[in-house]
Amino acid sequence: MSVHSSSSVKRVTTHILQEMKDSGEKISMLTAYDFSMAKIVDSAGIDIVLVGDSASNVMAGHETTLPITLDQMIYHASSVVRAVKRAFIVVDIPFGHYQGNSSEALRSAIRIMKESGAHAVKVEGGSEIKESVSRILSAGVPVMGHLGLTPQSIYKFGTYTVRAKEEAEAKKLLEDAQMLEQCGCFAIVLEKIPAALAQKVAESVKIPVIGIGAGPDVDGQVLVMHDMLGITQEFKPRFLRQYADLQSIMTEAFQNYIKDVKDRKFPTKSESY
Ligand code: KIV
């Protein structure tokens with residue numbers, strides 16, 4: 001029995017997400033960055049919309065998530081907020097806007113909440129950012145953690161390969177997850193880590209654990225919308241299930257339109273005034 005059916009217009013909250021974990025109902029989460037796509041994914045019944053800093057890749061065409069700015073994240077988040085009626089909306093605080101000190105972290109979180117109307121923020125990292133996480137939470141802003149392959153640290157890792165395969169890194173990840181729960185985070189994303197470790201984390205914390213490349217034994221799953229729709233074709237990690245081939249569908253539509261224009265088949269009389 002679903003704690004929260006997708007036909008309901010009742011807003012998803014942190015409380016409902018916790019109930020979903022407690023009752024064993026899996027949590028669905030996808031990214032969105034603009035009004036039109038956010039409206040479609042919300043109508044489909046998604047539980048959490050993440051305005052991810054992956055916007056830096058899929059919307060702006062950067063190689064990494066590092067260049068996107070706080071103003072740009074607020075612009076994307078505001079567009080999503082105007083579209084979404086049911087899902088819980090989480091926004092990434094971008095690189096460089098929370099790691100420096102906890103006052104800056106709080107200022108960034110408050111700007112996101114006030115200027116976009118989103119419901120929570122997400123930050124990458126564990127013990128290194130504990131003070132920032134606590135400070136944001138003390139202002140009443142819900143925080144989602146993000147551990148494992150944290151893309152804002154890509155130049156430190158030097159590779160997009162699976163994280164926490166070694167015992168020391170796995171131990172730190174588990175401790176970081178427990179620390180984030182103790183601080184008061186409402187959920188944690190685990191990215192690209194061994195499935196067995198993700199299961200251990202999900203069993204050792206009470207808050208929801210959402211995986212991306214973290215196997216099936218967590219409390220929910222998240223994917224980047226453009227990847228699962230097949231709009232981006234060059235990114236095909238093992239964990240990505242492609243649910244559509246929108247690149248082919250869109251290319252065909254564009255080609256048909258171009259041909260109709262060139263052949264003077266569009267517009268017709270009935271499409272004119
Ligand atoms: O920015 C993003 O899209 C993310 C997901 C990959 C979890 O952080």
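Ligands are counted one by one from 1 in listed order, and the atoms in each one are counted from 1 as well. All values derive from a computational prediction rather than experimental measurement. Values below: every heavy atom of this structure, side chains too, minus hydrogens, waters and symmetry copies.
Under the salt bridge (Lys or Arg N to Asp or Glu O under 4.0 Å) criterion, no residue pair touches residues 140-151, with sequence neighbours excluded.
In the model, Asp34 has no side-chain atom that pairs as donor or acceptor with a side-chain atom of Ser79 under 3.5 Å. Under 3.5 Å, the side chains of Glu131 and Ser134 contain no donor-acceptor pair of N or O atoms. No side-chain donor from either of His76 and Gln72 sits under 3.5 Å from a side-chain acceptor of the other.
Aromatic ring orientation, His226 versus Tyr33: tilted (interplanar angle from 30° to 60°).
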For ligand 1, find each of its N or O atoms that sits under 3.5 Å from a protein N or O atom, and tabulate the pairs with distances to one decimal place.
residue	atom	partner	partner atom	Å
ligand 1	1 (O)	Asp53	N	3.2
ligand 1	1 (O)	Asp53	OD1	3.0
ligand 1	1 (O)	Ser54	N	3.1
ligand 1	1 (O)	Ser54	OG	3.3
ligand 1	1 (O)	Asp92	OD2	3.1
ligand 1	3 (O)	Ser54	OG	2.5
ligand 1	8 (O)	Lys122	NZ	2.9

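Salt bridge absent: Lys26 and Asp47 never bring a charged side-chain N and a carboxylate O closer than 4.0 Å.
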